[in-house]
Amino acid sequence: MSESGDQKSDHKKRKLDESVGHEKKTMSDITLDQFEFTRVLNERSGSKWIAIEAKHVDQKAVIILEKMAFNESNVKQILKDTDQSSDLRLDFQNDIYGNYLAFPRSELNGIKTTIIYPATDRHIHKHLRQEFAVVLETSLLYEEVTQPHIESQSQQLSLQWVHNILDHKSETERIVCDVEDPEIGFVLLPDMKWDGIAVESLYLVAISRKAGIRSLRDLNETHLPLLNNIQTKGCEAIEKKYGVTRDQLRIYIHYQPSYYHFHIHFTALANEETGFVERIHLLDTVINNITVCKDYYQKSSLLFPIKTNDPLFKKFADKQVTN
Ligand code: G7M
């Protein structure tokens with residue numbers, strides 16, 4: 001007996017809902033045809049990257065597609081595999097110059113796909129292309145504007161994914177280093193943005209086990225052992241697993257972060273896609289600043305980039321008008 005359109009879509013939604021939140025997903029748990037295209041949120045043609053909004057029954061999703069980088073081993077396979085004329089289509093030939101379109105088999109042509117489902121309006125907003133502006137946040141503006149803003153839960157992205165990692169409920173097999181200590185412990189694992197293969201674009205994130213450090217603003221001299229431990233053990237683990245030495249790493253903290261549970265980014269120095277420089281605070285500089293002045297990050301004015309349609313930007317603008 002064949003299913004009606006509604007039954008089919010109910011069945012697909014059930015399958016998708018069952019698969020969300022479970023650690024082990026098989027390839028068939030989620031399929032892209034379960035989503036209906038809504039609009040393009042952002043695209044970077046140079047990086048072969050696109051973020052779209054989609055819909056599944058009555059809930060929104062963000063889907064990010066990125067073509068994978070080449071490396072020696074997959075290029076060797078592509079050469080070996082595209083030996084039939086149907087796999088290589090001629091565009092033009094002129095003397096010794098030829099342009100073709102190659103169609104390697106699908107295993108060599110994977111698209112890194114991130115699906116956020118169900119996505120909240122915050123997720124849609126985070127991925128929507130927007131104008132940015134820089135804001136200079138004095139310690140007073142932090143206390144009067146930013147702190148109340150980040151404390152209002154409705155403005156924040158959920159930290160469930162962070163707790164799942166720390167509690168070994170998700171991404172467990174991806175963990176590169178795990179230090180259990182509640183004060184100076186952390187979990188280091190590949191960032192969601194990295195394919196986990198190409199070391200030139202290496203990107204890992206270290207998530208602190210200590211709760212209550214929302215951002216750079218909360219760091220003081222009591223956190224130096226934590227910062228030093230993440231730096232030393234994180235670098236050792238990355239060298240052991242990926243062969244990338246500390247002098248080839250960019251280690252930094254975002255201000256403002258997207259998620260207000262303390263974490264540190266580790267990227268390859270060669271990876272230049274680190275986004276706005278105004279958002280980056282190098283860990284060595286942070287350690288140095290706190291060593292020189294223990295409440296440096298409570299006293300200082302900090303500059304950060306922000307989307308002009310972010311509610312926090314509006315609060316800053318309103319505050320500056322009233323002052
Ligand atoms: O500092 P900021 O909050 O902007 O960075 C958070 C980092 O966490 C980003 O680089 C994200 O790509 C990464 N990230 C976000 N999520 C939801 C996940 C996740 O579920 N798993 C992993 N491994 N990384 C994530």
Side-chain angles (χ1 to χ4, degrees), residues 19-25 30 42 44 47 49 51 61-66 112-120 122-127 130 132 146 149-150 155-178 186-197 201-208 211 213-219 227 230 234 237-238 241-242 249-268 271-283 286 297 302 304-307 310 312:
S19 65
V20 168
H22 284 73
E23 168 62 359
K24 295 251 184 304
K25 294 183 189 67
I30 297 179
N42 201 354
R44 294 185 214 126
S47 322
W49 178 100
V62 172
I63 302 180
I64 301 165
L65 304 174
E66 185 178 3
K112 181 173 180 294
T113 304
T114 301
I115 301 176
I116 305 173
Y117 175 83
T120 63
R122 270 310 282 174
H123 290 110
I124 307 275
H125 175 270
K126 177 171 157 54
H127 292 92
Q130 288 294 324
F132 276 83
T146 313
H149 176 79
I150 62 180
Q155 295 295 339
Q156 300 316 323
L157 292 170
S158 162
L159 294 175
Q160 190 57 51
W161 69 275
V162 169
H163 299 302
N164 288 347
I165 289 171
L166 295 177
D167 298 343
H168 292 186
K169 289 185 182 154
S170 296
E171 302 187 56
T172 318
E173 69 288 354
R174 283 159 47 81
I175 292 176
V176 172
C177 178
D178 189 352
F186 66 97
V187 172
L188 176 75
L189 79 171
D191 191 281
M192 194 166 81
K193 291 201 273 275
W194 186 37
D195 64 13
I197 302 165
S201 55
L202 176 139
Y203 198 152
L204 291 100
V205 62
I207 303 172
S208 161
I213 311 170
R214 288 162 300 192
S215 75
L216 190 61
R217 275 283 183 207
D218 287 337
L219 293 178
L227 301 178
I230 295 182
I238 289 175
K241 171 130 191 177
Y242 302 104
L249 290 173
R250 181 179 295 111
I251 311 169
Y252 60 91
I253 297 159
H254 273 158
Y255 192 71
Q256 299 284 331
S258 309
Y259 302 93
Y260 290 87
H261 176 109
F262 188 63
H263 55 275
I264 298 181
H265 302 250
F266 287 72
T267 64
N271 179 356
E272 289 173 17
E273 289 190 17
T274 38
F276 286 103
V277 289
E278 293 84 353
R279 204 175 170 212
I280 287 175
H281 296 258
L282 296 176
L283 181 59
V286 171
Y297 288 102
L302 299 176
F304 61 83
I306 184 166
K307 287 180 174 169
D310 190 308
L312 181 59

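Note that ligands are numbered from 1 as they come in the structure, with each ligand's atoms numbered from 1 the same way. Not measured: the values here are computed from a predicted model.
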Quick test: of every protein heavy atom, which one is nearest to [atom], and how far off is it to 0.1 Å?
atom	value
atom 6 (C) of ligand 1	H263 NE2, 3.5 Å
atom 19 (C) of ligand 1	W161 CE3, 3.2 Å
atom 10 (O) of ligand 1	D191 OD2, 2.5 Å

Do [X] and [Y] have side-chain heavy atoms sitting under 4.5 Å apart?
X	Y	result
P257	F262	no
Y259	V205	no
I264	L227	yes

**Study point:** Contact partition for K126 relative to ligand 1, non-hydrogen atoms under 4.0 Å
**Key:**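 For K126, there is no contact with ligand 1 at all, from either part.
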Check your understanding: Hey, mind stepping through Y252 and L283 against side-chain contact (heavy atoms from CB on, under 4.5 Å) and telling me if it holds?
Key -> CA-CA 5 Å; Y252 60 91; L283 181 59; 6.0 Å; no
Report, in ascending order of atom number, the atoms of ligand 1 lying under 4.0 Å from any heavy atom of [X].
X	answer
P190	23 (N)
Y259	3 (O), 6 (C), 15 (C), 17 (C)
S258	2 (P), 3 (O), 4 (O)

Review point. Non-hydrogen atoms of Y203 versus ligand 1: any pair closer than 4.0 Å?
Key: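 For ligand 1, residue contact (heavy atoms, under 4.0 Å) with Y203 is present.
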Exercise for review: Report yes or no: does a heavy atom of R174 sit under 4.0 Å from some atom of ligand 1?
Suggested key: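 It does, in that a heavy atom of R174 comes within the 4.0 Å cut-off of ligand 1.
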Practice item. Return the orientation label for the H265 and H254 ring planes: parallel under 30°, perpendicular over 60°, tilted otherwise. Key: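 Tilted: the ring planes of H265 and H254 meet at 30° to 60°.
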Point to revise | Gap between atom CD of E272 and atom OG1 of T267 - 0.5 Å precision | key: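 CD of E272 is found 10.5 Å from OG1 of T267.
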Check your understanding: Can you tell which of E171, H254, H123 gets a heavy atom nearest to atom 21 (N) of ligand 1?
Key -> E171
Review point. For the side-chain contact (heavy atoms from CB on, under 4.5 Å) test, which of N42, I124, T114 pairs with V62?
Key: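 Single pass found, and it is I124.
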Review point. Is H123 reaching over with its side chain to a backbone N or O of T120, donor-acceptor style, under 3.5 angstrom?
Key: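 Indeed, once roles are kept as given, a pair shorter than 3.5 Å links the two residues.
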Review point. Below 3.5 angstrom, do we get any N/O pair linking M192 and ligand 1?
Key: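 Indeed, backbone or side chain, M192 has an N or O that close.
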